[in-house]
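Any value given below was found using the heavy atoms of this structure, including those in side chains, with hydrogens, waters and symmetry copies removed. Letters A, B, ... are given to chains in the order of the sequence lines, protein chains preceding strands, and every chain is numbered from 1.
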2 protein chains.
Amino acid sequence: MLGLCTPVHEYSLQEPAFDWMPETRNSPPRRRQSCKLYGNSSQFGRLETTRPQSLIPSLSLSLSLSLSLSEAMAIHESKAIEQAQSRPISTIVFIVAMKAEAAPIVDRFGLSEDTARFPEGVPWVRYHGIYKDLEVNVIWPGQDPLLGVNNVGTISAALVTYASVTELKPDLIINAGTAGGFGSKGACVGDVFLVSHIAFNHRRIPLPSFDVYGIGLRQAFSTPLLLKEVNLKVGKLSTGDSFDMSPEDEALVRAIDATLIDMEGAAVAYVADLLKVPAIFVKAVTNIVDAGNPSLEEFHANLADVSATLNQAVGRLVDKINGKRMSEL
Amino acid sequence: MLGLCTPVHEYSLQEPAFDWMPETRNSPPRRRQSCKLYGNSSQFGRLETTRPQSLIPSLSLSLSLSLSLSEAMAIHESKAIEQAQSRPISTIVFIVAMKAEAAPIVDRFGLSEDTARFPEGVPWVRYHGIYKDLEVNVIWPGQDPLLGVNNVGTISAALVTYASVTELKPDLIINAGTAGGFGSKGACVGDVFLVSHIAFNHRRIPLPSFDVYGIGLRQAFSTPLLLKEVNLKVGKLSTGDSFDMSPEDEALVRAIDATLIDMEGAAVAYVADLLKVPAIFVKAVTNIVDAGNPSLEEFHANLADVSATLNQAVGRLVDKINGKRMSEL
């Protein structure tokens, strides 16, 4: 069964809530999985059914959110989904936050730059062209005009996703980029993941239902056949507007059992869901966030190589998407 | 001199950086100002020139950002600003996050609901009508379709601001809403502030220039004449996607010497700056965040009354804006 970027909202709102450090509780220590063992394709779409057991006493975070994911996965059967299933894929939009990530993809497909589709003066850049039977668009939010840095983070990602969908009406959004990975969850530098679920880690609103809204857990558009063909790892993605993780952020990362963290994915998922466009998320690991290495140095050292690896995976994905309907992914 | 929502980007990027607890350093203790003494109109646009002295050792936050605001206030003299100054004000757009805040304003101006200006299916609501010489629009991001909660936070605020500007082409954006206030900075429940500066408190990116981008400090459109006429308090606003404040968030709140915290302002300012539309920010205090009271209870208890107070201030502002050019505010 296929879904759009489906919200997963129906948690039971009751304490006890998080326990993201089971090794400090009554359960046995979590085994550190090797990279080779983790992430076979059968895991795509599989849900974490372990119920969290208790709050972390040291945290000021007071969200009382029990993530009973197994109860929460009723997928919307809407008219929009039926249309998505039967529609031949003709237009795809990549949302890519950094130029270093976008440039290899632009080169691969021989895309041309065009800024005419966005409001005058905004720094967003559209690269586009025809590849096989597809109109391929790569949307990069550009650079801050004064600071010259890439417009990373959730706000720019949400804005360019909105503007791209309303302007280009794609059949499929692909958020491609680099990410931090948890070694304890099987991530290695250079791994490329297809994301199963996405949530925010920096939005804490401890009011009934607002807490669930803040976390914004969504399921990516499910592509089991595509996953088999390209043989990527599978994991959950947690998105925040900071490069680091505060203890409060980390609690929400662990609460969804995320393997990956980035700064855009959940915002792209939110807008894709808002506008009812299927979205998938391809993330390549630049740095291991729980290995004790300084993430920033590792990120910098690996950004170019990992972007090249991401580009190879994107090429395989697009070749497999070409000629198919959404229901055939 | 008037400016748009001007970015304040030109900090010197050097340590030492923050010192938001001067009473623990070599400077004398800060006197707790009474509500009556604080916030006269001459403070509007006045800059905090005290240089921060040192990092807070207990924080993991590693942004090395010295907020030398006095050096940073060179205002862009762009063609857009000249146009803004000479243009008669005809269309204003209120961005209001919560229905409880929007409803009194909608009633005051007798506005009608219209959802036709936004993409099909989005929950955003436009209320509009003619009041005196003005086309008044109130944009409310609506409710989450599954959870029924108001779509608060930076992403929805950014999206509706973008969609409103591109669709309605307003002369002026007014972000009106409730906020938390710092009693130590002179805020009292029921106070209404006109905001001088806005920044994010939840975006930590400890890379050169990215740190400044993350904080995103901007100056509101300067309205000294309007301020004198309506006699509101003045303060800086810090925006984050959480209702609470983590220690890391609080460091960035204190770094800009904020009197107010909310969940939308800096996102509205970012988009207004992006699209070169003047924006002002009117915030009414529902709860005191540093008084030891549970903020949530105080927020709930005061939301309706403070929204009514906000509405009165909005009425005075609009009456004074009516018939003027931007350069006359």
(message) Return the CG to CG distance between B:Asp211 and A:Leu147, rounded to the nearest 0.5 Å.
(response) 8.5 Å

(message) Rounded at 0.5 Å granularity, tell me how far CZ in B:Arg203 sits from CZ in A:Phe243.
(response) 15.5 Å

(message) Measuring only between side-chain heavy atoms, which start at C-beta, is B:Glu248 closer than 4.5 Å to A:Ser242?
(response) no

(message) Can you give me the closest heavy-atom contact between B:Val152 and A:Tyr213, atom names plus distance?
(response) O-OH, 2.6 Å

(message) For the CG atom of A:Leu274 and the OG atom of B:Ser156, what is their distance to the nearest 0.5 Å?
(response) 7.5 Å

(message) Are the side chains of B:Leu275 and A:Pro119 in contact, using a 4.5 Å heavy-atom criterion?
(response) yes

(message) Taking every non-hydrogen pair under 4.5 Å, which of A:Asn150, A:Val122, A:Val271 racks up the most with chain B?
(response) A:Asn150

(message) I need the minimum non-hydrogen distance between A:Val149 and B:Ser209, along with the two atoms involved.
(response) CG1-CB, 3.4 Å

(request) State the OH-OG1 distance between A:Tyr162 and B:Thr166, to the nearest 0.5 angstrom. (result) 6.0 Å

(request) Might you point out which heavy atoms bring A:Leu159 and B:Ala158 nearest each other, and give the distance in Å? (result) CD2-O, 3.6 Å

(message) Could you report the tightest heavy-atom contact between A:Arg204 and B:Ser246, atom names first, then the distance?
(response) NH2-N, 3.5 Å

(request) Mind checking the CG-OH spacing from B:Asp144 to A:Tyr270? Nearest 0.5 Å is all I need. (result) 6.5 Å

(message) Once rounded to the nearest 0.5 Å, what's the spacing between atom CG of B:Leu207 and atom CZ of A:Phe299?
(response) 7.0 Å

(request) Using the side chain to side chain donor-acceptor pair (under 3.5 Å) rule, pick out the option among A:Asp241, A:Asp249, A:Thr154 that qualifies with B:His202. (result) A:Asp241

